[in-house]
Structure formats: C-alpha cells, structure tokens
Amino acid sequence: MLDLTPDQKKPTPKPRIVSGAKQDWELVIGMEVHAQVASRSKLFSGASTQFGAEPNSNVAFVDAGMPGMLPVINEFCVAQAVRTGLGLKADIHLRSAFDRKNYFYPDLPQGYQISQLYHPIVGEGEVLVEMGDGTARTVRIERIHIEQDAGKSIHDMDPAMSFVDLNRTGVALMEIVSRPDIRGPEEAAAYVAKLRLIMLYLGTCDGNMQNGNLRADVNVSICQPGAWEKYRETGDFSHLGTRCEIKNMNSLRFIQQAIEYEARRQIAIVEGGGTVVQDTRLYDPDKGETRSMRSKEEAHDYRYFPDPDLLPLEIEQAWVDDIAANLPELPDAKKARFMGEHGLSDYDASVLTADLAAAHFFEATAAEAGDGKAAANWVINELFGRLKKEEHDITESPVSPQQLGGIIRLIRSGDISGKIAKDVFEIVYSEGGDPAAIVEERGLKQVTDTGEIEKAVDEIIAANPAQVEKAKANPKLAGWFVGQVMKATGGKANPKAVNEIVSAKLGH
C-alpha cells in the first residue's frame with residue numbers, strides 16, 4: 001500500500017453519476033497507458049530513438065524485419081521499466097518472458113509485435129490520484145509490460161498512395177495497465193497526469209503526448225449505482241457493463257471528452273433496449289464523438305506464443321535493489337516534505353510539485369531566502385503569474401532562484417518593503433542584476449529612521465486638520481494618514497513604524 005501522511009489521507013471522491021432518460025448510471029474506466037521508454041536506442045536494436053529524424057533513417061536490420069536478424073534485449077530499457085514499477089510501488093518479477101503478438105501491422109515489418117502477455121516484468125502496484133476538490137482515489141495497477149512500438153503510416157502526402165516511416169518501429173514502450181478503478185472523466189485525466197508526473201520525476205518517459213510518447217487506450221463501461229462496489233467485493237466482472245476501448249488518446253482534454261460521449265452513447269443504447277457491443281473505437285475531436293474501428297479482439301485472436309528468438313528474461317534481486325536505492329524523491333514524498341519542512345498548504349505544495357523544474361526552483365529559492373513560505377508565495381504568485389502571462393515556463397525564467405531569494409532576504413532584513421520588493425522584482429525580471437545592488441544604487445532602501453518618518457507624519461497631520469478630527473473620532477480612518485506618508489516617502493518608509501507613529505500622534 002502507499003505510505004501516506006495524515007495530510008494525504010483524503011476522502012474518496014464520489015463516482016460520477018450520469019443521468020439517463022430512465023435512470024442514473026455510474027462510469028467504470030480502466031486504462032492502458034503506453035509510455036515510450038526514455039532511452040537513446042530501441043528495445044531490440046541499437047538504432048536511435050531520436051524524434052524528428054528523416055523518415056526511415058533510424059532503422060536497423062532487425063527493425064526492418066530482415067531475414068536472419070535476431071533481437072537483442074536493451075538492458076537499459078529493462079532498467080527503466082523496473083524503475084517505473086518501483087516508482088509505482090509495484091511488484092517486480094525477477095523472471096519474465098516475451099511473446100509474439102500476431103496481427104496485421106502495415107508499419108511493423110516483422111508482421112508481429114514482441115510483447116509480454118503471460119509473464120510481465122512488473123506486477124501489481126498503486127497510484128494515488130488527487131482531485132482538485134481535496135479528494136483522492138487509489139487506482140490499482142494490474143501490470144506493466146514492455147513491448148516494441150510500431151511505425152507510422154502516412155496517408156495525407158499522396159491521394160493514391162500511403163507511406164510508411166519506420167523510425168518509431170522497435171522503440172521500447174511500457175504498457176501500464178490499470179484496474180477498472182477510475183470513476184469519471186476528470187479522474188481519468190488526473191490519473192494519466194499523475195502517471196506522467198511520476199515518470200518525469202523518475203526520468204523513464206519524457207511524457208510528450210503531442211509527439212505520441214505518452215498515449216492512452218481508455219476502456220469505458222456503464223453500470224447501475226452500487227454495481228462497482230459489488231465488483232470490488234467479489235472480483236466478478238459480470239457486475240460491470242460491456243466495455244468499449246477508445247484507442248490512442250494523446251490529450252487529457254480529449255480523454256475527458258471521449259469518455260463523456262462514450263458514456264452517453266452506451267446509456268442511450270441500453271435504455272433503448274439494445275446491447276452494447278464490445279469494440280475498439282477512435283475519438284474524433286472535430287465531431288466530438290467516437291466511432292467504431294473494429295470488433296474488440298481477445299488475447300486468442302492474436303495467437304500469442306513465446307518468442308522463440310528470446311530467452312526468458314531473468315534479473316537479480318540485487319540489481320533491482322540497487323535501482324531502488326537510487327530512485328529520486330517522487331511527487332507524493334516531495335509534496336509531504338514541502339508541507340512538513342516549509343509549512344506549505346496542500347494547495348501550494350501541489351502546485352510546486354506538479355512540475356519537477358518548478359520544485360527544484362522553489363527549493364533553491366527557499367534555501368537562498370531562508371523562508372519557505374515566503375519563497376512559495378513569490379514563486380507561485382509573482383513569478384508563475386508573470387511567466388504564464390508571457391507564455392513561458394519555469395525553465396525560461398529570467399529571474400534565478402538566487403535573485404528571487406535575494407529579494408525575499410531584503411524584505412526579511414527590513415531593507416525594503418513588500419511594495420518596493422515588487423518594483424525590484426520587475427527590474428530584475430526585465431533588466432537582470434543583483435537585487436541588493438539595485439536597491440542600493442537606485443535609492444530604494446526602506447526608511448527606518450523614526451525621526452525622518454515622524455517628520456513626514458507631522459507634515460501630513462499639519463496639512464490636514466479636518467481629517468485629523470475625523471480620524472480621532474474614528475480610528476479606522478488612520479489608514480488614510482499611513483497611505484499619505486507612504487506616498488510622500490515614495491513607499492520607502494517602514495510601514496510598521498509609520499502605523500505606530502500615526503497611531504501615537506492621533507492618540508489611539
């Protein structure tokens with residue numbers, strides 16, 4: 001089970017209720033996420049995995065299905081799969097095996113895919129999926145197996161011909177198969193996002209959905225309220241409805257839209273007296289609907305059998321232990337540490353750990369500033385806000401952690417006020433430079449001399465006798481004098497000192 005801190009033990013979200021014409025229905029969703037292994041060479045050859053290379057330039061003889069060419073396992077790809085399994089708190093199988101999946105692949109010259117059906121390298125694990133409303137669900141992982149990817153068929157370059165690019169052929173994939181534990185479109189998107197984040201932290205997949213390096217097959221079915229709980233108690237899938245699979249989803253937004261449409265399609269069929277047919281479907285984002293590709297195959301349709309060119313894969317526990325000992329800190333653990341060490345809220349810690357580069361930036365800023373809460377506030381509100389406005393990410397920030405931490409240090413030391421700090425931030429963001437030097441050179445240092453502040457207060461009071469009488473009768477109006485003093489001093493007066501002196505002068 002996942003080791004959760006008290007702050008992470010959140011209530012379970014309620015299942016999404018979808019209203020039909022005759023009754024309410026619940027959704028049941030399972031997912032098969034295909035993650036391209038982050039490696040320089042393919043699963044069974046030394047060919048490059050570089051994206052965007054000239055078509056058919058990253059193809060070895062074994063990838064092209066040349067006679068007599070034998071696959072040779074890439075140890076690094078195996079290590080990446082083990083690393084991913086460990087990151088998902090999953091069982092690692094010391095003995096696994098490869099099978100041939102026979103199917104007509106126009107862009108896989110071998111005519112079959114090498115996969116792992118019967119003996120996957122990774123067994124059962126779990127993923128904690130947190131929702132925006134403060135709830136969380138544990139989604140069970142059934143297995144992770146490694147397999148080779150197919151190439152790419154191109155149909156839009158010629159009206160009468162199709163072309164094939166084999167660069168992706170043989171690239172290593174991890175197929176992460178979940179149990180049907182996901183109960184709504186938002187949860188499905190959050191689950192994929194969490195998987196992606198974990199693999200980015202681990203360095204096992206770059207998570208680029210646009211390039212197809214992370215894509216999902218979504219299995220959707222409907223059931224009557226309470227049926228899923230019966231399935232969980234008994235393990236009997238008959239309590240659930242017939243599932244349909246939506247293939248090759250590479251957008252979190254499209255995943256949600258496809259599930260919404262598919263659920264209503266199935267409800268309409270069942271409530272109309274029909275029967276949902278198990279099939280494989282594609283989602284058309286332009287029309288906002290799914291359409292059938294083919295009837296859903298079962299394992300026997302692929303005529304799986306052990307691959308005769310590959311011996312069973314046997315790994316040693318000591319090797320697995322060494323990988324486990326060198327895992328990085330993962331998102332849930334980092335979030336818990338940020339909350340514990342820096343006193344951050346659940347929300348702030350979630351925002352800062354949602355991107356590994358942002359988490360590193362925050363930690364460096366906090367170390368420089370000596371104040372984690374203030375660092376989180378400046379990173380999230382000031383820096384993220386400005387970067388988002390200019391459509392940049394944290395890796396493109398013109399302000400370094402050292403510069404931002406330096407600004408916060410100047411506030412803590414009393415050298416500048418919060419208002420002046422924002423002016424300094426703007427200068428650093430636009431022009432660069434050392435915050436302390438900017439404050440010194442531009443005369444932005446906060447006025448802490450009480451004599452100078454008192455002189456400014458006296459001048460404001462003397463010039464506004466009517467306002468003085470009102471403020472004496474109503475202490476809330478003292479803020480007007482504070483604002484006038486700050487304006488007169490160019491915002492450089494120490495606000496605390498100004499408040500104290502104004503209160504004393506007005507007799508409060």
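All values below come from the heavy atoms of this structure, side chains included, with hydrogens, waters and symmetry mates left out. The structure presented is a predicted model; accordingly, all values stated were derived computationally and were not measured.
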With a 4.0 Å cut-off on N to O distance, would you call [X] and [Y] a salt bridge?
X	Y	result
Glu363	Lys334	yes
Lys194	Asp332	yes
Glu26	Arg16	no

Sequence neighbours excluded, which residues qualify as salt bridge (Lys or Arg N to Asp or Glu O under 4.0 Å) partners of [X]?
X	value
Arg264	none
Glu341	Arg337
Lys230	none

Does atom [atom1] of [X] have more than 12 heavy-atom neighbours from other groups under 6.0 Å away?
X	atom1	result
Glu396	CD	yes
Glu440	CD	no
Lys152	NZ	no
Glu329	CD	yes
Glu54	CD	no

Looking only at side chains, do [X] and [Y] share a donor and an acceptor under 3.5 Å apart?
X	Y	result
Arg243	Ser221	no
Glu260	Gln256	no
His145	Glu147	yes
Thr138	Glu126	no

Practice task
Compute the ring centroids of Tyr283 and Tyr261, then answer whether they are less than 6.0 Å apart.
Solution key: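 Judged by ring-centre distance (under 6.0 Å), Tyr283 and Tyr261 do not meet the cut-off.
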[X]: side chain to side chain contact (heavy atoms under 4.5 Å, CB included) partners, not counting sequence neighbours:
X	result
Ala462	none
Glu391	none
Asp149	Arg168, Val171, Leu173, Arg215
Arg40	none

Residues 401-411 side chain polar contacts: donor-acceptor under 3.5 Å, at least two apart:
{"unit_1": "Gln403", "atom_1": "OE1", "unit_2": "Ser400", "atom_2": "N", "d": "2.9"}
{"unit_1": "Gln403", "atom_1": "OE1", "unit_2": "Ser400", "atom_2": "OG", "d": "3.4"}
{"unit_1": "Gln403", "atom_1": "NE2", "unit_2": "Gly433", "atom_2": "O", "d": "3.0"}
{"unit_1": "Arg409", "atom_1": "NH1", "unit_2": "Glu368", "atom_2": "O", "d": "3.2"}
{"unit_1": "Arg409", "atom_1": "NH1", "unit_2": "Glu368", "atom_2": "OE2", "d": "2.8"}

Applying side-chain hydrogen bond (donor to acceptor under 3.5 Å, both in side chains), name anything that partners [X], two or more places apart in sequence or on another chain.
X	answer
Glu187	Arg137
Glu390	Arg386, Tyr429
Trp378	none
Asn58	none

Practice task
Among Arg265, Lys247, Glu245, Glu289, find the residue that satisfies the side-chain contact (heavy atoms from CB on, under 4.5 Å) test when tested with Arg281.
Solution key: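 One option only clears the test, and that one is Arg265.
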Would you confirm whether [X], through its side chain, and [Y], through its main-chain N or O, come within 3.5 Å as a donor-acceptor pair?
X	Y	answer
Arg143	Glu124	no
Lys42	Asn167	yes
Asp415	Lys445	no
Asp371	Ala374	yes

Practice task
Could you give me the CA-CA distance, side-chain angles and deciding distance for Asn74 and Ser39, then say whether side-chain hydrogen bond (donor to acceptor under 3.5 Å, both in side chains) is met?
Solution key: CA-CA 9 Å; Asn74 183 334; Ser39 66; 4.7 Å; no
